[in-house]
Number of protein chains: 2
Amino acid sequence: MSITRGRAVTISDVATAAGVSRAAVSKVIRNAYGVSPGMRRRVEAAIEELGYRPSVAARALRGSSYRLGLEIPYVSARFMSQIVEGATRAVADTPYQVVLAPADGPEYSTLESLADGLVDGIIAVSPRVDPPWLEELARRVPIVMLGRHDDPQGYDTVVGDDAAGAGAVMEHLFALGHRRIAHLTEPEAVNVATPVTPHVVRVAEYRARMAAAGLEPIIEVARWEDGDTGVREATARLLARPSPPTAIFAGHDDIALIVLAGVAAAGRLGEVSVAGYDNTDIAQHPLIDLTSVDQQGAEMGAQAATMLLERLRGRTERRQHMVSTRLQVRGSTRPPLP
Amino acid sequence: MSITRGRAVTISDVATAAGVSRAAVSKVIRNAYGVSPGMRRRVEAAIEELGYRPSVAARALRGSSYRLGLEIPYVSARFMSQIVEGATRAVADTPYQVVLAPADGPEYSTLESLADGLVDGIIAVSPRVDPPWLEELARRVPIVMLGRHDDPQGYDTVVGDDAAGAGAVMEHLFALGHRRIAHLTEPEAVNVATPVTPHVVRVAEYRARMAAAGLEPIIEVARWEDGDTGVREATARLLARPSPPTAIFAGHDDIALIVLAGVAAAGRLGEVSVAGYDNTDIAQHPLIDLTSVDQQGAEMGAQAATMLLERLRGRTERRQHMVSTRLQVRGSTRPPLP
DNA sequence: ATGAAAGCGCTAACAG
DNA sequence: CTGTTAGCGCTTTCAT
């Protein structure tokens, strides 16, 4: 039952079968200039018959792998699905394919290993790598960063309008009559040394709105590394305050879900409003019914892929794109108890 | 502001810098036999100084890319995260990396493009490709199929114990006193021409249990292609029957979530029990609280990766691994109304 | 319009 | 223990 790995069909095999040179076959498969209809026909017939498929490795060594790498921080994040979907849709009619690289550990190494020749370009959702390092990497391979409010030289960015999104949440909560509004965010967002991530912007907007309303910000940080526990404890701390918040604005839906669980565990469901961010699919579930900011993840993914393709076609000036947001109001936010 | 793509550092640069041959460098980076400590030190210093990273393309052309491809049908599926996590964990201490290939369209082409030299081996979650075709592909590249009850020659399989899992659900529901139990599954599962997927096994077990209890199976099929709508309508059809089921056993959690929404929409929450399969993270959320079968997705992913590594190290006999299941009972299943 | 030939960066086989 | 050499499969000038 031992298996002999079949040697793959190479361009030489096709050339021999079609009675032409390898260069000719290469031209045909790349739709390059200078092929007679007759030759094209014969070559295509041979390709079909032998079931030839070009080796990605060999192509990559010579130039392009026709693969775009999409680096994503943690696959579980529901928001990522939207981005992946948008990116794959955007390359659907091109010879390019999207491959995903889950950043299990440090994002630096995931990005580097992508850059090691596996892909022609990189789309990355990496809040924690710092801009100078990225500039350096961008010298080797085209990069589009998602969700970074950087001011880059060598790479492109696609971001949501985080200020507007966070602002919309705050306005909504104020309009409902809330005053004691807490914000629950990720550690990275309160560390000033960090690059400007979406969460940094959301926190800033939250602070600004609270200040403008003459209110003291109530910020709690959930250490995401602790998993659900961190968020759950942060929620508990908020609810245990002498004057607990009447509304909690969570940095994103995954946090909001756990906050919701915490509020339910405290038996205060319906009493404490909760808003999220990303409008992931579960937010619309009637049993969750979470008010959230839709920032068009699919659109972001598609834009990023398109911009990367432009780079591959030769664009060298940087581009920055911002997608708009829309607040999706649902049942998880209501007026505070009188 | 035009950017000059930096030429990458190659093995030759390192060799020159260290004053040794390229072969020597190659040996060092592969920890191969026959390197003096002195040479190793010099080479490693040069690598460090120049920031050398081996080209994946060149390596792949010569043999191995040190990449494992994980093909997944639709990224949104919550169950997939567990598999990805397990697989990446399993390769963490090896030179291998996991890359994900989302099967946006037909799975055949995704698998083929993975086999085109991008990866050294493939883990696939593709219920719809047929066994002979897989055998063919397996001749070119090692493959481990997840969730297939095939009897393969050239590839390995990792499956959950779907019969036991489905049986446990049925026993649980019977024990609660349910008799009119419906099953809501995917189209593929009722098409006999299809390969033996987990859903086929679950349906069979469901049928067997209903028959053994002297009951008529009530099966509704949700066309997943229709998205949520299909499941929602199927749920509505079930609830609209003259004698509606008192419990619905959904083929997996993503279906169960929509069923739950449908039951809620019909105002029959708590009246109609719902059970799912996969025990995805959202199932434990207190607002969802879904009874579900845990089939250890992470364990499956880890097993699959390990088996693939074995293949790459030379194993040629096939292996099949089955992971056990455990029913996680939660609030979504309770006794029927009297 | 077609083909010959060089070479991308690396590894494996062999020679020294 | 170390270096030389010959490709892996493809694309790309450059002749013809």
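In what follows, chains carry the letters A, B, and so on, assigned in the order in which the sequence lines appear, proteins first and then strands, with residues in each chain numbered from 1.
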Salt bridge A:R315-A:D156, side-chain N to carboxylate O under 4.0 Å: yes
Residues A:E136, A:R139: salt bridge by 4.0 Å N-O rule: yes
Heavy-atom closest contact (A:I123 atom, A:L146 atom, distance): CG2-CD1, 3.5 Å
Residue pair A:S113 / B:R67: nearest heavy atoms and the distance that separates them: O-NH2, 3.1 Å
Does the side chain of [X] reach to within under 4.5 Å of the side chain of [Y], using non-hydrogen atoms?
| X | Y | result |
| --- | --- | --- |
| A:D151 | A:Q320 | yes |
| A:M80 | A:L100 | no |
| B:E135 | B:Y155 | yes |
| B:V141 | B:R311 | no |
| A:V119 | A:V99 | yes |

Phosphate contact (D:dG3 OP1 or OP2) by B:S21 side-chain N/O below 4.0 Å: yes
Can you tell me the distance, in whole Å, between the [atom1] atom of [X] and the [atom2] atom of [N]?
| X | N | atom1 | atom2 | result |
| --- | --- | --- | --- | --- |
| A:R62 | C:dG9 | CZ | C1' | 11 Å |
| A:D116 | C:dC8 | CG | P | 19 Å |
| B:Y66 | C:dC10 | OH | P | 12 Å |
| B:Y33 | C:dA13 | OH | P | 17 Å |
| A:R140 | C:dG9 | CZ | P | 13 Å |
| A:R67 | D:dC10 | CZ | P | 13 Å |

Closest-nucleotide 5' rank along DNA chain C - winner of B:S12 and A:M39: A:M39
Strand contacts (DNA chain C) in residues 40-61 of chain A, 4.0 angstrom heavy-atom criterion: A:L61
A:I11 vs B:G19, nearer the 5' end of DNA chain D by closest nucleotide: B:G19
Contact list for DNA chain D against residues 22-30 of chain A - heavy-atom distance below 4.0 Å: A:R22, A:A23, A:S26, A:I29, A:R30
Sugar-phosphate only, base, or nothing, as touched by A:G34 at under 4.0 Å among non-hydrogen atoms: base
